[in-house]
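All values reported here derive from a predicted model rather than from experimental measurement. Sequential numbering from 1 along the given sequence is applied to the chain's residues.
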Amino acid sequence: MPDRAPQPVDRQLPTDEARDLISLVRDIAQREITPSAAEGEDAGRFPREVFTLLSDSGLLGLPYDAEFGGGEQPYEVYLQVLEELAAARLTVGLGVSVHTLASYALATYGTKEQQTEHLPAMLGGGLLGAYCLSEPASGSDAASLRTKAVRDGDEWVITGTKAWITHGGIADFCTVMARTGEDGPRGITAFLVPGDAEGLSAAVPEKKMGLKGSPTAQVHLDGVRVPDARRIGDEGQGFAIALSALESGRLGIAACAIGVAQAALDEAVSYAAERRQFGRPIADFQGLRFMLADMATQIEAGRALYLTAARLRDAGLPFAKQAAMAKLHCTDTAMRVTTDAVQVLGGYGYTADFPAERYMREAKVLQIVEGTNQIQRMVIARHLAGPEER
């Protein structure tokens, strides 16, 4: 294996507290995540103990209010934490991003009473969340979802099936979007459903190309009863809540993508410095040097793009276009960089003895989740040219 240790990313962080936070994350990654990442992914094992450690360390609620157990960190910092975690193991980085996404609705649209009752456990009590929007017949067209919630006195009875749910079957709580009214986006409402609710179950996890340690499964709701006190926002506001959550969630995916790309670049540089052919390291050959330079440039550009969007968000300015651009560019970059990393390693890159092939398989899903990159292009184009004519 290569013996040249990768250099840590030189990060521009706003405070000493943020620098200490990144140091803590790097220490946890080095000690608790990276050493077992390859074995855990190969075995399809979800590292729940790592998420417990992250929760105990205050890392599962970083962008949310300290009043409710959050870290009250700006997105500029939170996303760089995600990048570090994803570089160590995407299952962990993506899991933190999805948990943050699942907590968003209550943290942003919940009443003070709801937040006081539920958020401390969600953000720092060792719980793990799932975000339940997609369905078997409504992925990109999420507004056509069919899961129904029917009011029965002070309760709602929810019935339907959600699909492609990260943490499906292991989540302690689910943010569920269900139809309570008319067809289309105005008839959807958000609910906070306990993971152990009667009638809630999960199918066998999907068998995936990569990201095997992170369970992805259908979630079935068979007459699940939740009190109206667990309805988040107004009736019919759920789709707006979902889209707002996804704008921030796309930045999480962008940061995770750059983390995977950075890990692949580090692997390629280490290998190229050690591997000798024709009497010298292959890193001396111009063809490979230029490839590594292009990989590094694409990563830096992606990091700058997601941080620009994060800073807009932190300033309370519109950032939806930039979030879509960041998700699009960073995940496409991850796919290109990980493919090139496999090429740098040659035949070894195609084997499981080195992590390059795993990075390549994992990068692919990031072009799909939380809005495919084709959807991102549609979002960007709407900001530029207005909505399409119907």
Side-chain angles (χ1 to χ4, degrees), residues 9 11-13 18 22 25 59 62-63 73-104 131 133 140 166 210-211 214 242-265 295-315 317-339 359-360 362-381 383:
V9 174
R11 301 195 178 279
Q12 304 301 311
L13 295 162
I22 290 293
V25 172
L59 298 175
L62 284 178
Q73 290 295 316
Y75 249 64
E76 174 187 3
V77 174
Y78 158 66
L79 293 179
Q80 294 188 76
V81 168
L82 275 189
E83 185 191 327
E84 293 280 346
L85 293 173
R89 185 177 177 185
L90 182 58
T91 284
V92 176
L94 184 73
V96 173
S97 182
V98 168
H99 175 80
T100 302
L101 178 69
S103 302
Y104 177 92
Y131 181 77
L133 174 63
S140 296
T166 301
L211 205 62
S214 176
L243 292 186
S244 178
L246 287 173
E247 286 178 3
S248 297
R250 286 166 182 160
L251 292 180
I253 300 302
C256 286
I258 293 301
V260 173
Q262 185 68 55
L265 173 62
M295 294 160 71
T297 300
Q298 292 163 15
I299 290 170
E300 286 290 349
R303 184 176 292 122
L305 186 56
Y306 86 63
L307 286 174
T308 294
R311 288 164 184 148
L312 287 173
R313 186 190 189 281
D314 290 336
L317 298 173
F319 68 98
K321 179 180 72 174
Q322 288 80 5
M325 288 177 169
K327 200 275 184 184
L328 168 64
H329 177 84
C330 293
T331 59
D332 280 354
T333 289
M335 196 69 247
R336 285 193 300 270
V337 168
T338 56
T339 301
Y359 298 146
M360 182 178 174
E362 291 177 341
K364 183 61 209 175
V365 76
L366 299 175
Q367 294 178 303
I368 299 170
V369 297
E370 294 192 29
T372 66
N373 283 6
Q374 287 67 37
I375 291 293
Q376 305 313 312
R377 289 177 170 90
M378 291 173 62
V379 171
I380 296 164
H383 280 277

Q: Side chains of L90 and L366, heavy atoms from C-beta outward: is any pair under 4.5 Å?
A: yes
Q: So, for C330 and A254, which heavy atoms are closest and what is the spacing to 0.1 Å?
A: CB-O, 3.5 Å
Q: Calculate, to the nearest 0.5 Å, the distance between atoms CE and OG1 belonging to M295 and T338 respectively.
A: 8.5 Å
Q: Taking M335 as the fixed residue, which of T339, D332, V337 is the one that meets the side-chain contact (heavy atoms from CB on, under 4.5 Å) rule?
A: T339
Q: List the residues meeting side-chain hydrogen bond (donor to acceptor under 3.5 Å, both in side chains) with K321, not counting sequence neighbours, and say none if there are none.
A: none
Q: Please identify each residue that fulfils side-chain hydrogen bond (donor to acceptor under 3.5 Å, both in side chains) with Y75, with sequence neighbours left out.
A: none
Q: Could you go through the side chain to side chain contact (heavy atoms under 4.5 Å, CB included) check for Q80 and L307 one step at a time?
A: CA-CA 9 Å; Q80 294 188 76; L307 286 174; 3.7 Å; yes
Q: Please enumerate all residues that pass ring pair (Phe, Tyr, Trp, His ring centres under 6.0 Å) together with F319, with sequence neighbours excluded.
A: none
Q: Side-chain contact test, heavy atoms from C-beta onward, threshold under 4.5 Å: evaluate it for L62 versus V77 and give yes or no.
A: no
Q: About how many Å separate CD1 of I299 and CG of L265, when rounded to the nearest 0.5 Å?
A: 4.5 Å
Q: Could you work out, with ring pair (Phe, Tyr, Trp, His ring centres under 6.0 Å) as the rule, every residue matching Y359, not counting sequence neighbours?
A: none
Q: Do Y104 and P63 have side chains that get closer than 4.5 Å, going by heavy atoms?
A: no
Q: E247: which residues meet the salt bridge (charged side-chain N to carboxylate O under 4.0 Å, His left out) condition with it, sequence neighbours left out?
A: none
Q: Starting at OG1 of T308, measure out to CG of L251 and round the result to the nearest 0.5 Å.
A: 10.5 Å
Q: Checking side chain to side chain contact (heavy atoms under 4.5 Å, CB included) for the pair L133/L246: CA distance, chi angles, key distance, verdict?
A: CA-CA 10 Å; L133 174 63; L246 287 173; 4.0 Å; yes
Q: Might you point out which heavy atoms bring A334 and A257 nearest each other, and give the distance in Å?
A: CB-O, 3.5 Å
Q: Calculate, to the nearest 0.5 Å, the distance between atoms CG and OG1 belonging to L85 and T91 respectively.
A: 12.0 Å
Q: Once you round to the nearest 0.5 Å, how far does CD of Q367 lie from CD of Q376?
A: 11.5 Å
Q: Side chain of D314, backbone of E76: donor and acceptor closer than 3.5 Å?
A: yes
Q: Between A87 and A263, what is the shortest heavy-atom contact and its length?
A: O-CB, 3.6 Å
Q: Look at the side chain of K327 and the backbone N and O of G252, then say whether any donor-acceptor pair between them is shorter than 3.5 Å.
A: no
Q: If you round to the nearest 0.5 Å, how far is CG of L101 from CG of L94?
A: 10.0 Å
Q: I want to check something: taking the side chain as every heavy atom from C-beta on, are V96 and L82 in contact at a cut-off of under 4.5 Å?
A: yes
Q: Is a salt bridge present between R250 and E370, judged by a nitrogen-to-oxygen distance below 4.0 Å?
A: no
Q: Tell me, do Y78 and S97 make a side-chain contact under 4.5 Å, heavy atoms counted?
A: yes
Q: With sequence neighbours excluded, what pairs up with E83 under the side-chain hydrogen bond (donor to acceptor under 3.5 Å, both in side chains) test?
A: R11, R303, Y306
